[in-house]
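Notes for the one structure printed next.
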Amino acid sequence: MEDINEQRTQRIQKLETLRAMGIQPYGTRFDETHQIQPLVDSYGSKTKEELEHDTIECRTAGRIVALRRFGKAAFASLQDGAHRLQVYLKKDVLGEDSFRLSQELDLGDWVGVEGHLFRTKTDELTIEVQNLTFLSKGLRPLPEKWHGLTDIETRYRQRYVDLIANPAVHKIFETRSRLITGIRNYFTEQGFLEVETPMMHPIPGGATARPFVTHHNALDTDLYLRIAPELYLKRLIVGGFRRVFEINRNFRNEGISTIHNPEFTMLEFYQAYADYNDLMALTEDLFGKLAQDVCGTTKLEYQGQIIDLTPPWRRLPYFEAVLEYNRFDRTVLENRKAAEAAAKQLGLAIPKDATLIGIVNMIFEETVESKLIQPTFITDYPTEISPLSRRKDSDPSLTDRFELFITSRELANGFSELNDPIDQRQRFEAQVAQREAGDEEAHYLDEDFVRALEYGMPPTAGEGIGIDRMVMLFTNQASIRDVILFPQLRPEKPS
RNA sequence: GAGCCGCUAGCUCAGUUGGUAGAGCAUCGCCCUUUUAAGGCGAGGGCCGAGCGUUCGAGUCGCUCGCGGCUCACCA
């Protein structure tokens with residue numbers, strides 16, 4: 001089972017050496033005066049003379065990631081998160097016992113150091129260590145210092161090693177966390193209340209997707225991991241919460257790709273008395289502020305392109321978009337035969353029972369989405385493919401809805417919410433008919449949700465933003481696996 | 001699910017027309033009190049993803065399987 005290699009065996013032997021020296025190889029608390037990054041931030045600009053004149057004493061801790069030994073001295077690089085600082089271990093200063101301990105150190109071990117800052121001959125900020133505290137032993141060798149860990153499978157399966165060996169990866173996940181904190185602050189400051197709704201649903205709803213199924217033994221009932229929190233959040237609006245948001249996982253039982261992970265993080269927020277135009281303005285403002293705060297600019301570099309998040313963003317009605325990116329005329333949008341002919345010309349396989357809108361939507365996905373590099377709101381989606389959205393007053397076949405595309409990917413979906421319970425029931429029934437016709441992704445009829453609407457929901461606008469894809473954009477990552485700490489992989493086979 | 005590519009030491013990678021499996025880093029020993037891919041001398045470390053075949057002989061050729069990546073299909 002466990003791979004036993006030479007280096008690991010040697011290190012296990014070192015545990016005994018340490019114990020024989022009276023050192024606990026798995027220690028306990030250590031008081032730091034500084035973490036490494038603040039230490040470097042505070043004193044990194046001090047000159048050699050300043051550090052000699054005003055002695056800076058400090059205690060800090062980290063993992064040894066580089067070690068350059070001489071006979072009676074050594075330099076080590078201490079890593080804390082994504083940051084490193086050099087320490088100098090000198091026999092004269094450490095004393096006999098501590099120096100002997102320093103001779104036993106391996107790459108990967110955790111230590112605490114106490115000493116003062118100085119600059120070396122080559123002007124590197126360094127701690128001259130007076131006291132060395134052993135904190136924890138590493139038994140496995142770290143990846144090579146120069147190339148690090150590059151094997152993609154190992155990076156995902158053993159993310160802890162990736163994080164040690166690749167500080168840039170550490171920074172991506174710090175950025176992810178900062179973005180999510182920024183989102184929380186943004187909504188909280190605007191009077192939104194963060195709520196938690198069920199992850200396990202008796203009826204999966206709020207999106208068109210296939211769910212994961214699980215079983216509750218005591219209730220003896222199947223439950224579905226949620227595909228979206230939407231219907232629960234709207235129940236809260238019915239209940240009188242004016243503004244709510246939730247940031248959490250959705251689960252969809254579908255393929256895995258560079259932009260799909262079976263569990264992914266979604267922000268959904270709902271605002272009473274607002275409409276979809278308010279949401280588009282809010283989204284521009286949110287992205288702009290996050291970009292400015294986290295990246296220092298609203299012009300982001302993404303995979304060799306500059307994505308300009310400066311508002312306002314382009315708004316393009318759905319049908320206009322289909323016409324703009326194709327050569328055919330308007331009859332394709334109005335006549336099923338014309339639509340089918342156009343689709344065939346594009347090489348699309350059209351199911352026999354496909355509706356006009358169904359065909360147009362296939363054309364949209366095939367010809368429009370890939371062109372939407374810069375932020376674009378596609379608006380006014382057909383009612384037929386928007387079963388939870390409010391109809392347009394000017395044209396009930398369309399809805400007050402938009403999807404946001406950036407770098408050809410859907411990042412957000414928002415709309416004025418359908419709050420007419422009678423219309424909602426009819427839309428659900430149309431979905432149920434589609435499901436019975438074989439569409440596994442069509443919505444279920446959620447009787448309790450309709451009942452909630454019957455109690456009256458104020459006019460409301462709601463939106464979902466795919467956080468992982470947003471993080472990809474802000475951190476310039478091409479694969480969703482590089483912004484999810486533990487992406488879904490096939491289980492490692494037991495060896 | 002399909003196509004293409006990859007899998008060799010702890011890590012990063014070589015490996016010729018099929019002929020005894022290599023390097024750098026890491027590890028171990030010795031030397032070295034300002035190095036930073038430290039340096040010098042020496043040493044150990046391999047089920048070449050798994051299996052089956054072809055062959056006198058397979059890391060190398062063929063087939064099957066496993067895992068991963070990318071593209072496509074489905075999807076957010």
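Numbers restart at 1 for each chain; the letters A, B, ... are given by sequence-line order, proteins then strands. When reading the values below, keep in mind they use all heavy atoms of this one structure, side chains included, and skip hydrogens, waters and symmetry mates.
- Scanning for salt bridge (charged side-chain N to carboxylate O under 4.0 Å, His left out) contacts around A/Arg155 gives A/Asp162, A/Asp482, with sequence neighbours left out.
- With P as the reference atom, B/rG49 and B/rA21 are 15 Å apart, rounded to whole Å.
- The separation between A/Arg155 atom CZ and B/rG6 atom C1' is 16 Å, rounded to whole Å.
- Rounded to the nearest Å, the gap between the P atom of B/rU60 and that of B/rC47 is 16 Å.
- Using cut-offs of 30° and 60° for the angle between ring planes, the A/Tyr88 and A/Phe118 rings count as tilted.
- Using bins of under 30°, 30° to 60° and over 60° for the plane-to-plane angle, the ring pair A/Phe187/A/Phe192 lands in the perpendicular bin.
- Counting only heavy atoms from C-beta on, A/Arg490 has its side chain closest to B/rC67 among B/rC67, B/rA76, B/rG69.
- Comparing A/Thr150 and A/Lys91 against RNA chain B, the residue whose closest nucleotide sits nearer the 5' end is A/Thr150.
- Nucleotides B/rC61 and B/rU55 are separated by 10 Å at their C1' atoms, to the nearest Å.
- When distances run from any side-chain atom of A/Asp92 to the nucleotides B/rA76, B/rU33, B/rG68, the shortest one goes to B/rU33.
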Shorter than 3.5 Å, N or O on both sides, protein versus nucleotides 70-74 of chain B: list them out with atom names.
{"residue": "B/rC70", "atom": "OP1", "partner": "A/Arg481", "partner atom": "NH1", "Å": "3.4"}
{"residue": "B/rC70", "atom": "OP2", "partner": "A/Arg481", "partner atom": "NH1", "Å": "2.9"}

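- Following rounding to the nearest Å, A/Asp151 (CG) and B/rA9 (C1') show an atom-to-atom distance of 14 Å.
- For the residue pair A/Thr197 and A/Arg235, no side-chain donor N or O sits within less than 3.5 Å of a side-chain acceptor on the partner.
- In this structure, A/Phe287 and A/Trp313 have perpendicular ring planes: the angle between them is above 60°, well past the 30° mark.
- Inter-residue side-chain proximity for A/Ile465 and A/Leu286 is flagged as met; some heavy-atom pair is nearer than 4.5 Å.
- Residue pairs satisfying the salt bridge (Lys or Arg N to Asp or Glu O under 4.0 Å) criterion with at least one member in residues 47-65 of chain A, sequence neighbours excluded, are listed as follows: A/Arg59-A/Glu114.
- To the nearest angstrom, C1' of B/rA76 lies 5 Å from CD of A/Glu410.
- At whole-Å resolution of the value, CH2 in A/Trp146 and C1' in B/rA23 are 18 Å apart.
- Put simply, A/Phe75 rests on the base of B/rU35: the two rings are less than 5.5 Å apart at their centres and nearly parallel, under 30°.
- You won't find any donor-acceptor pair under 3.5 Å spanning the side chain of A/Glu124 and the base of B/rU35, going by distance alone.
- Minimum atom distance to the side chain of A/Lys121 is reached by B/rU35, of the listed B/rU35, B/rC67, B/rA76.
- On the C1' atoms, B/rG24 is 25 Å away from B/rG68, given to the nearest whole Å.
- Every side-chain contact (heavy atoms from CB on, under 4.5 Å) that A/Ile247 has, sequence neighbours left out, goes to A/Ile180, A/Ile183, A/Arg184, A/Phe245, A/Thr265, A/Leu267.
- Rounded to a whole Å, the CE atom of A/Met266 is 9 Å from the P atom of B/rA76.
- In this structure the side chain of A/Arg176 never reaches within 4.5 angstrom of the side chain of A/Thr475, judged on heavy atoms.
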Just the table, please: protein N/O against nucleotides 26-29 of chain B N/O, every pair under 3.5 Å.
{"residue": "B/rA26", "atom": "OP1", "partner": "A/Lys145", "partner atom": "NZ", "Å": "3.0"}
{"residue": "B/rA26", "atom": "O2'", "partner": "A/Gln7", "partner atom": "OE1", "Å": "3.4"}
{"residue": "B/rA26", "atom": "N3", "partner": "A/Gln7", "partner atom": "NE2", "Å": "3.1"}
{"residue": "B/rU27", "atom": "O4'", "partner": "A/Gln7", "partner atom": "OE1", "Å": "3.4"}
{"residue": "B/rU27", "atom": "O2'", "partner": "A/Gln10", "partner atom": "OE1", "Å": "2.1"}
{"residue": "B/rU27", "atom": "O2'", "partner": "A/Gln10", "partner atom": "NE2", "Å": "3.2"}
{"residue": "B/rC28", "atom": "OP1", "partner": "A/Lys14", "partner atom": "NZ", "Å": "3.2"}

Could you go through residues 103-112 of chain A and list every donor-acceptor pair under 3.5 Å that involves a side-chain atom there, pairing it with any protein atom two or more places apart or in another chain?
{"residue": "A/Asp106", "atom": "OD1", "partner": "A/Lys14", "partner atom": "NZ", "Å": "2.8"}
{"residue": "A/Asp106", "atom": "OD2", "partner": "A/Lys14", "partner atom": "NZ", "Å": "3.3"}
{"residue": "A/Asp106", "atom": "OD2", "partner": "A/Lys137", "partner atom": "NZ", "Å": "2.6"}
{"residue": "A/Asp109", "atom": "OD1", "partner": "A/Lys137", "partner atom": "NZ", "Å": "3.4"}
{"residue": "A/Asp109", "atom": "OD1", "partner": "A/Gly138", "partner atom": "N", "Å": "3.0"}
{"residue": "A/Asp109", "atom": "OD2", "partner": "A/Asp106", "partner atom": "N", "Å": "2.9"}
{"residue": "A/Asp109", "atom": "OD2", "partner": "A/Lys137", "partner atom": "NZ", "Å": "2.9"}

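- The separation between A/Arg226 atom CZ and B/rA76 atom C1' is 14 Å, rounded to whole Å.
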